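Predicted, not measured: the structure shown is a model, and the values here were computed from it.
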Amino acid sequence: IVLPESHDEKPLMGKVVSVGADEIIDVGQKRKAPCKPGDIVVYKKWGGNEYKIDDVEYLFIKFEDIMAVKR
């Protein structure tokens, strides 16, 4: 993914700490996680929910908010 410098909304990057179970998308159909722990992901600016646990901030995001994965 290449975004020009003039692009207004710059996506954000983060390191994956953990990945949940496969996503159920239709009756009985599953979608595997697009990333794994240790990957660097580019995600939508307005995606996810922030949580602070023991002075560490985490961002929980949906699979659909991940734009790219660097392994």
Side-chain angles (χ1 to χ4, degrees):
I1 295 176
V2 177
L3 295 174
E5 290 295 323
S6 61
H7 190 266
D8 290 336
E9 271 191 50
K10 301 219 183 298
L12 303 172
M13 295 176 71
K15 184 175 183 178
V16 178
V17 176
S18 181
V19 177
D22 295 344
E23 179 181 27
I24 306 295
I25 54 174
D26 278 324
V27 179
Q29 292 183 341
K30 294 181 181 181
R31 180 167 71 174
K32 294 259 183 217
C35 57
K36 62 185 186 315
D39 289 346
I40 303 296
V41 295
V42 177
Y43 56 90
K44 295 177 183 177
K45 182 176 182 177
W46 303 111
N49 295 300
E50 295 178 357
Y51 292 95
K52 190 172 185 177
I53 303 170
D54 296 330
D55 295 327
V56 178
E57 291 185 24
Y58 296 94
L59 180 69
F60 292 81
I61 59 174
K62 296 178 183 180
F63 292 167
E64 65 195 41
D65 291 335
I66 297 174
M67 299 168 59
V69 179
K70 179 180 178 183
R71 296 195 163 129

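- Closest approach of Cys35 to Val16, counting heavy atoms only: SG-CG2, 3.9 Å.
- Scanning all heavy atoms of the two residues, the minimum distance from Lys52 to Glu57 falls at CG-CG, 4.1 Å.
- Heavy-atom contacts from other residues, nucleotides or ligands closer than 6.0 Å to CD of Glu50 number 12 or fewer.
- With contacts defined as side-chain heavy-atom distances shorter than 4.5 Å, the pair Glu23/Lys62 does not qualify.
- Nearest heavy-atom pair across Pro37 and Ser18 is CG-CA, 4.2 Å.
- A ring pair (Phe, Tyr, Trp, His ring centres under 6.0 Å) check over residues 52-71, counting only residues at least two apart or in different chains, returns the pairs Tyr51-Phe60.
- The minimum heavy-atom distance between Asp22 and Ala33, with the atom names listed, is OD1-N, 4.2 Å.
- Within the model, atoms CD1 of Ile61 and CE of Met67 stand 11.0 Å from one another, a figure rounded to the nearest 0.5 Å.
- Atom CG of Leu12 and atom NZ of Lys45 lie 7.0 Å apart (nearest 0.5 Å).
- Within the hydrophobic cluster formed by Ile, Leu, Val, Met, Phe, Trp and Tyr side chains joined at under 4.5 Å, directly or through other members, Ile24 stands alone, with no partner residue.
- Within 6.0 Å of atom NZ in Lys36, more than 12 heavy atoms from other residues, nucleotides or ligands are found, so the atom counts as buried in its surroundings.
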